[in-house]
Each structure stands twice: as C-alpha cells, then as structure tokens.
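Presented below is the structure to which this report refers.
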Amino acid sequence: MNWSTSVITTQSSDTEPTVIITFDSAKYIFNTGENSTRAVLQSRRGWKKVKGLFLTQVGTKRTGGLTGMVMSIADSAARKVDVVGPSGILHLIASMRLYTFRSTLSLNSVEVVPKQIEPYTDPAPTFADENITVYSIPIIPTTDEVVDTMPVIEDVPMASEVGLSLKRKRDPSPDAPSKRAPPSEPVEPPSLLDRFRDNSRLDVSSLVGAEAQEWRRLVVDHMFTWTEPPPRLRKFQPKGKKGKQNQQNNDEAVSAPSSLPQVPHWAEEAGVGATASQSRRAKGSFNPAGSYAKLPTFSDPSPGSALAYVVVGPRVRGRFDAERAEELGLQGPLRGRVARGETVSYMVDDGNGGQVERTVRPEDCVGDSECPGIVIVLDVPSPDHVPSLASSFNTPFYSVFRSKAQEDAKKYNVHAIYHLLGDGVLEDERYKAFMNGFADHTHHLVASRQHGNDPLTFTSAGLSQLRLNRLDPEVFSLPKYQVAQKKEPCPYVHSRSLIPSLPANTAYMHANTVVEMRPVRAPILESFFEEQDVFHPVVTNPGPIALPSATRGRFTHAQKFVRDGLAAREGMEPQPGDDLVVLPLGTSSAVASRYRNVSSILVQIPGRGNMLLDAGEGTWGQLVRFFGTDESQIDNVWDVLRNLKCIYISHAHADHHAGLAKILAMRKTLNPAPTEPLYLVALYPIHLYLREQTEVEDLGLSDSPVSTNGVIPILNDVLSAKSRTTYDSGIANQHGWKDPLNSRLAGEALCDFLGLQSLSTVEVKHRTRAFGLIMTSRDGWRIVYSGDTMPCHNLVQAGDGATLLIHEATMGDDQQDMAHQKAHSTVSQAISIGRQYVPFFTFTFHFALTAFVTSTG
C-alpha cells in the first residue's frame with residue numbers, strides 16, 4: 001500500500017500552507033486557506049477521493065478556502081466527508097448556511113476541545129479509517145514552562161444518525177403527572193427541533209451549551225443532505241467480454257437520490273439559489289435550520305489555540321516466505337491463515353511412521369511487518385505556543401514519536417514533519433531544541449513568512465500576464481514575486497542570515513514538494529510542475545517571448561485606436577473621471593480557473609479612497625500580488641487596505657463574497673490602525689454570517705453608524721433607487737436590526753467620504769436577489785456596476801448618463817440558452833446594454849478613464 005504527502009500551497013502572497021495525503025483509495029487535506037481550491041485545480045490532483053479535511057485553526061488563515069473546497073468536493077462525487085478542527089469549527093460551518101449547501105454531500109464535523117488535565121497515556125484518535133489514524137494535540141498559548149493538555153472530542157450525533165428529532169434522554173421531572181408516564185419510566189421532553197416546530201419564535205440565538213451545539217449540528221445537517229443509498233441503487237457496469245465485472249470506484253458508483261432538493265427551503269427563504277418571487281413564496285414554509293436567525297453565540301473556550309496532527313499510516317505485513325512454509329509442511333488454507341497473522345496447528349510426519357502436532361506462528365514464515373509511517377503537521381502561531389507543544393510530546397504516548405531510541409524507531413517511522421510557524425518561532429531556542437528531539441532521519445519542512453521566498457503561485461496566469469506585459473508593460477504590470485537564487489540545495493531554511501542549530505534535514509516548504517511515505521523517499525519537487533512552470537525560468541533569465549503574429553497585429557491595431565482617441569482629446573478640458581483607476585482583480589465566473597480569479601474589482605478615487613466591487617475568494621491575494629507588501633514603496637497593499645472606504649457585495653453567491661472575511665481580518669491587523677471606518681454594503685445574509693464568524697475571529701465589525709474605524713454595515717436594498725424597504729430589510733428588522741434608518745445615515749456618511757452625490761442600488765435579474773450599483777460623483781462622473789446578471793433595463797434607466805459601465809458577460813454568444821438558464825449575460829447582450837447608455841459605448845468604455853488597469857490573474 002503506497003502513499004505519499006504533497007504540498008499543495010505554502011506561505012506566499014496569495015496562499016497559506018495546505019498539505020494533502022494521498023492513497024490510491026482516498027485523499028486527506030490539511031488546511032484550506034484562500035486559493036487552496038484553485039491550487040488543487042492547477043495541480044490537477046482533483047477532489048474526487050477526499051475523505052477528510054483537517055484544520056489547525058478556525059480563522060480565515062486556515063479556513064478562508066473552506067467554502068470553495070467543500071463545494072468542489074461535493075460536486076466531484078457524492079460521499080461523506082469528515083471535517084476535523086478546533087473548537088468553533090461547527091459554528092463556522094453553520095455560519096455558511098446561506099451560501100454553502102449541497103445535496104451530494106454528508107458532512108460530519110468533529111471538534112477538539114482542549115482541557116487542562118494530568119498527563120495521559122492512551123488518547124483516543126480523532127479520526128480513523130482503513131488508511132490512517134489521526135491524533136490531535138491542542139497547542140495553547142502560555143508563558144508557563146509546563147502545560148498538560150489533552151484533546152477532548154466533542155461530536156454531537158448527526159440528525160441523519162438519530163432521526164430528525166435529535167431527541168436526548170433527560171432525568172424526568174419530579175412532579176411529572178403519573179398519567180403521562182409511569183413513575184418508573186423517564187419522561188422524554190420535546191426535542192429541540194420539535195420545540196422549534198411548535199414555536200417558530202423560539203430565540204435560537206439564546207441557546208447555550210449542549211443545546212447550542214445541537215442546533216449548530218442540525219443546521220449543518222440541513223446544509224449537506226446526502227445519505228448513502230441502499231445497495232440496489234448502486235450502479236454497476238455490465239460484465240466485459242472476459243467476464244470481469246467492471247465496477248466503478250465506490251465514490252463513483254453511488255449516486256445521490258434524485259429526490260433530494262438542490263436548494264433547501266430555508267435557503268430559498270433567504271434569497272439564496274432562488275429568484276425573488278420564489279423566495280417570497282417560500283416565506284411561509286417550515287424553516288428547519290433557522291436560516292436567517294442568528295446562531296447561538298459562540299465563546300471560544302481556549303482563545304488563540306491551534307491544533308497539531310499526528311497521522312499514523314497503515315502497518316504493512318511482511319512478505320510471506322513460501323519456501324520456508326514448504327519446509328514447515330504448511331499447505332492449503334493454513335497458509336492463508338498464517339499470512340493473515342494467525343497461529344495454526346496441524347499434524348505432520350515425525351519421520352518414524354507416526355505423526356506429531358506442529359504449531360506455526362506468523363513470524364515463522366512471514367517477514368517482519370513494516371513499522372507505520374508517521375506524518376506530523378504542527379501549527380505554532382507564536383513562541384508562546386511552544387511550551388504547550390513541547391509538553392504534549394513529553395507525555396508517554398507522544399514521546400515515542402519524538403525519540404531517537406532504536407526501540408521506538410522499530411515501532412514508528414516519523415518520516416516527515418510540516419512546521420507552520422508564526423513570527424519568531426523558528427529562532428526560539430526552545431523550538432529548535434524541540435525539533436532536534438526527533439530522529440535524525442526525520443525531514444522537517446518549514447513554512448514561515450520570515451524565512452521563505454515568494455514565487456508566483458499560479459504560474460499559468462503569470463505566463464499570460466507576462467505575455468501581455470511584453471506587449472505593454474505600463475498597462476499590464478507583472479505580479480509581485482520573489483525567487484531565491486540558490487546554486488545548490490541547502491540543508492537549512494533559506495533566510496537572510498543562516499539559522500544555527502536546526503536539524504540537518506530541514507528545508508523550506510515549497511509548493512509541489514512530494515514526500516513518498518511508502519516506499520520511503522526524501523522530499524523532492526515534482527518534475528511535472530517544474531516542467532509546467534514557464535513563468536519563473538523566463539523572468540529569471542529575461543529574453544524574447546514568442547507571440548503569434550496575429551496577436552501582435554491585433555494589439556498594434558488596438559494601440560493605434562487608443563492613440564487616435566487620445567490625440568482627438570488633445571487640447572480639450574479634462575473630463576470627469578479622468579483620474580479614476582479601475583483594477584479588475586478577478587473576472588472568472590462561478591469558480592476560479594488556472595488563468596483567472598473569481599469576481600472583484602478595485603476602484604481608486606484619488607484624494608478620497610478605495611472601493612471594492614465584490615470580493616470573491618482570493619481577492620486579498622490578488623491585491624498583494626499587484627501592489628506588493630514593501631512598505632517603502634508608494635501605494636503598497638497596506639496603504640490600499642488602510643484607504644479602503646467601501647466594499648460593495650452585489651449578491652450572496654460565494655464567488656462574489658467568499659474573500660470578504662479575509663480582507664476584514666487583514667484590515668484588523670493593520671498597525672497603525674485605520675483612522676476612518678469601512679462601509680460594507682451588502683444584503684442581510686452577508687451581514688449575518690459576518691456577525692457570526694466574528695465570534696471565532698475578530699473582523700472589526702461595528703453596529704454604530706459613527707464608528708471611528710470599524711466596519712459599518714449598510715443594507716443595499718435600503719439604498720434602492722426606488723427608495724423602498726424590501727423583503728430583506730424586513731428580515732433584518734425581525735432579527736434585531738433597526739436598520740433602514742441606520743443604513744441611510746451610514747450611506748450618507750459614505751457619500752461624504754467618497755465625494756459622491758449619491759450611491760444607490762437597483763434590483764437586477766439573477767437566480768438570487770441581486771443588486772446593481774450606481775455611484776454618482778459630485779465631480780460629474782457616474783459608474784454603473786451590474787454584477788453577473790441577466791440584461792436588466794431597470795439598471796439602464798437608473799444609471800442613465802453613465803461615464804463607465806461595468807457589466808458582466810459570462811457566456812459567449814453561442815451559449816445564449818445557457819446564459820438564460822443561469823441568469824447571466826452573453827457578450828453581445830452586455831454590449832447591447834452598454835449601447836443603451838450612450839451612442840458611442842465602445843469609445844466611452846475605452847476613454848472615459850485615463851487609467852484603466854487590467855489583470856488577468
């Protein structure tokens with residue numbers, strides 16, 4: 001049974017470390033930071049056999065790509081997936097209910113809750129199947145030298161396992177009437193779900209303890225509704241010509257029952273995955289998951305903690321010695337029993353005409369079993385976490401793994417350790433001593449922002465941008481990257497200065513590094529990806545890039561068109577909007593591709609501030625790659641983030657907002673902090689899940705319209721061009737937001753910050769409630785943004801006289817039927833909308849702005 005581990009992503013400008021363990025029958029992924037799904041797509045590894053996701057922290061650093069990863073797994077094949085993580089992971093998943101749901105997935109969440117107890121000798125595994133056994137170690141920040149921790153598995157049964165009622169037995173009430181139940185029998189009170197059915201006004205946000213966790217579990221069960229069908233529904237291929245059954249792999253053979261809904265009723269109620277009319281019709285239906293009611297408040301029992309994982313591979317039996325078995329007279333089925341590890345007895349000739357009983361043990365004709373291979377994933381955010389980690393590996397159970405003793409090496413082979421380290425950890429003498437305690441042959445792969453380089457992650461997109469850059473370096477700038485030049489492999493982590501006292505087998509954790517666990521081999525960079533990377537060899541050895549003559553010809557024609565237009569404007573007065581900068585950060589539809597990220601556009605208003613139009617997953621990484629982190633450079637990414645005044649989210653599909661929490665989390669880390677607020681204009685479901693996620697990570701949210709530097713919510717339907725309170729704001733009012741007044745006041749304050757005469761929204765046609773945006777400046781320019789919608793004349797009427805129209809065009813002209821089905825626009829439809837604004841739409845699009853910057857990544 002061969003298996004390996006691979007680095008999907010490492011710490012870089014646009015990724016955090018993600019590791020995958022691969023068997024023939026299954027895959028296991030450790031951490032899902034932003035862009036991990038896109039990186040899996042680029043690596044061509046796929047999601048089809050993923051059985052488990054293991055998270056070392058709950059915040060956006062380790063879970064920013066969880067939504068995309070879960071939905072990609074669900075779309076690849078119907079199956080059950082376990083998600084293991086620290087306390088709060090169930091709350092985090094439940095907070096995604098309004099935009100993450102699939103009927104082709106069953107998701108089981110396991111939380112590891114740390115508690116202070118005496119040293120332990122036999123911890124229970126967090127996860128186990130036929131391939132691996134996983135143990136979890138909580139790492140708690142502390143300044144104490146000795147900390148004893150033990151993982152406590154908190155796993156409330158799934159609704160599918162115990163029925164929808166989720167009933168729990170309790171002690172009977174002492175004064176229960178005898179006619180309801182005999183005194184000797186406990187009275188079973190109504191379940192939480194039954195109580196919700198009987199009282200739709202039940203305040204689920206006030207639930208605490210086991211009931212709060214039960215409610216979160218119930219929500220998650222309604223998000224992912226797949227159940228394994230009975231055997232008669234399994235698909236089999238007919239027998240081939242040779243009579244062999246061509247059965248598909250299990251995860252391919254099982255099909256989800258067709259009766260399962262693609263969009264839950266509660267999602268329709270919230271306006272997700274349904275039209276506005278469907279949402280309103282669903283309003284009276286039963287809402288089992290409390291879709292837009294706030295989840296019970298979550299309080300982290302161990303703030304700042306992380307998890308480490310010890311992954312124990314399979315123990316492979318030794319080779320059967322057929323010659324030795326023949327010598328022992330071992331025949332027939334007895335051979336199979338011994339090969340399977342049994343001791344057998346049988347009669348053999350004694351050489352004198354009689355018989356004698358012989359006993360054969362497995363070790364008599366079976367070679368020694370291979371000791372299991374061990375992979376360890378350590379997440380150590382700060383030096384304060386080192387004592388807790390070191391203490392755990394001093395306990396009787398884990399000390400076997402961190403050992404140089406020969407007897408321990410015969411039990412387990414700790415072959416690879418992945419170190420995900422925060423600032424200051426690698427230089428910490430305690431941590432270096434901890435690393436040196438492992439066997440000398442162990443390989444240490446380190447991810448640390450202080451010590452690593454920053455090569456481009458998505459080299460396919462980088463190559464496209466490089467080609468465009470050779471056509472026009474000013475318009476198509478290269479993404480920021482850093483490639484360390486090494487003449488030969490170094491046995492230490494690359495750094496500005498060498499770090500002494502590290503183990504000999506220490507190296508930086510590069511993307512696409514594979515470690516073969518069986519057969520055992522040293523880490524290597526996969527040759528396939530080195531061959532596919534054309535970007536770095538070209539930029540490190542500059543030279544001409546071959547471009548098709550047709551491409552150069554068309555671009556030359558476009559440049560002439562631009563020059564002619566600019567020449568025609570010579571001598572004219574500057575036009576409103578000439579100094580605006582528009583930067584597309586992602587233009588891919590629905591999911592990221594190898595060449596383009598999902599939706600987001602940055603608008604820079606000189607002297608006023610910056611604005612984001614949508615923020616799909618990976619938006620932060622796109623900003624970092626474009627502006628860079630060098631604080632000595634003008635307009636670095638920290639300046640751009642500090643001057644961010646508004647984020648506008650057009651609708652609740654994940655490809656338009658899954659990167660929002662990451663941006664807010666990064667803004668919260670700014671030092672010095674921003675001096676002005678950030679306004680978030682979005683539908684109520686967006687504000688709701690952010691309010692819930694801020695309980696596991698501080699996102700800087702504020703409910704005050706006069707916050708000094710917090711994130712101020714604005715309901716975009718309250719800013720509707722028709723100036724009416726719609727269904728969504730009604731939901732907001734029902735759940736504690738006296739919002740229309742606050743949103744209007746906050747909207748007025750936002751207009752003052754950005755120098756706008758007005759900022760209004762208009763409802764547009766999409767598969768969910770969606771709004772277009774109209775920004776009218778006091779300086780005379782107007783920007784209209786559509787999001788990814790169908791052609792909508794309401795937007796044309798409301799945005800009449802636009803200086804710039806940004807309109808989605810997802811489908812080609814040959815896909816008009818698909819565009820209608822998915823409520824998108826074709827290229828010709830988007831152009832047609834533009835022509836309804838101004839007679840010379842193409843001219844306006846190209847020349848209304850003097851700085852229109854594009855990025856294909």
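This structure is a prediction, so every number in the text was calculated from the model and none was measured.
Side chain of T442 to backbone of V414: a donor-acceptor contact under 3.5 angstrom is found. Without hydrogens or angle criteria, T10 side chain to M509 main chain gives a donor-acceptor distance under 3.5 Å. Side chain of H419 to backbone of S448: no donor-acceptor contact under 3.5 angstrom is found. Between the N394 side chain and the A390 main chain, a donor and an acceptor come within less than 3.5 Å of each other. In this structure, the side chain of R518 does not engage the main chain of P372 through any donor-acceptor pair within 3.5 Å. A donor-acceptor pair under 3.5 Å is absent between the side-chain atoms of S106 and the main chain of T227, judged by distance alone. The backbone N or O of A504 lies less than 3.5 Å from no partner atom in the side chain of H444, so there is not a single donor-acceptor pair. Proximity of a side-chain donor or acceptor of S72 to a complementary backbone N or O of M69 within less than 3.5 Å is not detected. Looking at R430, its side chain never comes within 3.5 Å of a backbone N or O of P387 through a donor-acceptor pair. Counting only distance, with no hydrogens or angles, the side chain of K432 and the backbone of L426 share no donor-acceptor pair below 3.5 Å.
For P301 against V113, the heavy-atom pair with the smallest separation is CG-CG1, 4.0 Å. Residues E516 and W3 come closest through the heavy atom pair OE1-O, 3.8 Å. Considering all non-hydrogen atoms of both residues, C371 and R315 come closest at CA-NH1, 3.9 Å. Considering all non-hydrogen atoms of both residues, S388 and P138 come closest at OG-O, 3.7 Å. Of all the heavy atoms in Q11 and Y508, the pair that sits closest is O-OH, 3.6 Å. When every heavy atom of S302 is checked against every heavy atom of I140, the shortest pair comes out as OG-CG2, 3.7 Å.
Using a 4.5 Å heavy-atom cutoff, the side chains of T100 and F224 are in contact. Considering only heavy atoms from C-beta on, K51 stays 4.5 Å or farther from K80 through its side chain. With contacts defined as side-chain heavy-atom distances shorter than 4.5 Å, the pair N436/P503 qualifies. Side-chain contact check for E16 versus N31: every heavy-atom pair is 4.5 Å or farther apart. Looking at V7 and H510, their side chains never come closer than 4.5 Å, going by heavy atoms from C-beta outward. Residues V110 and F127 form no side-chain contact, since every pair of their non-hydrogen atoms from C-beta on lies 4.5 Å or further apart. You'll find the side chain of T37 reaches within 4.5 Å of the side chain of W47, heavy atoms only. Counting heavy atoms from C-beta outward, T67 and M71 have side chains that approach closer than 4.5 Å.
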request  = Start with the C-alpha distance between I73 and R79, add both sets of side-chain angles, then the distance that settles side-chain contact (heavy atoms from CB on, under 4.5 Å), and finish with yes or no.
outcome  = CA-CA 9 Å; I73 291 171; R79 95 287 298 277; 3.7 Å; yes
- T56/I139 under side-chain contact (heavy atoms from CB on, under 4.5 Å): CA gap, chis, key distance, verdict: CA-CA 10 Å; T56 58; I139 307 176; over 6 Å; no
(message) Could you go through E526 and R45, starting from their C-alpha distance and side-chain angles, then the distance that decides it, and tell me whether this counts as salt bridge (Lys or Arg N to Asp or Glu O under 4.0 Å)?
(response) CA-CA 13 Å; E526 294 183 89; R45 287 181 174 88; 2.3 Å; yes
Evaluate Y346 against L330 for side-chain contact (heavy atoms from CB on, under 4.5 Å), listing each step before the verdict.
CA-CA 8 Å; Y346 53 95; L330 195 63; 3.5 Å; yes
key: Audit row: C365, V360, side-chain contact (heavy atoms from CB on, under 4.5 Å) steps and yes/no   = CA-CA 8 Å; C365 54; V360 176; 4.3 Å; yes
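Atoms CG and CD1, from L55 and I89 in turn, are 4.5 Å apart once rounded to the nearest 0.5 Å. With values rounded to the nearest 0.5 angstrom, F54 atom CZ is found 4.5 Å from I132 atom CD1. Distance check, rounded to the nearest 0.5 Å: CD of E327 to CZ of R324 gives 5.5 Å. Atom NE2 of H443 is separated from atom CD1 of I417 by 11.0 Å, given to the nearest 0.5 angstrom. In this structure, CD1 on I29 lies 7.5 Å from OG on S36, to the nearest 0.5 angstrom. L107 contributes atom CG, which lies 8.5 Å from atom CZ of R217 (distance to the nearest 0.5 angstrom).
More than 12 heavy atoms of other residues, nucleotides or ligands sit less than 6.0 Å from atom CD of E130. Within 6.0 Å of atom CG in D24, 12 or fewer heavy atoms from other residues, nucleotides or ligands are found, so the atom counts as exposed in its surroundings. For E357, the CD atom sits in a packed shell: over 12 heavy atoms of surrounding residues, nucleotides or ligands are nearer than 6.0 Å.
None of Y135, Y431, F434 except one satisfies the ring-ring contact (aromatic ring centres under 6.0 Å, His included) rule with F393; the exception is F434. Residue Y28 forms a side chain to side chain donor-acceptor pair (under 3.5 Å) with just one option from N131, T5, T22, D82, and that option is N131.
T225 and S103 form no side-chain donor-acceptor contact under 3.5 Å, judged by distance and modelled atom types alone.
Relative ring orientation between F401 and Y412 is described as tilted, the plane-to-plane angle lying within the 30° to 60° band.
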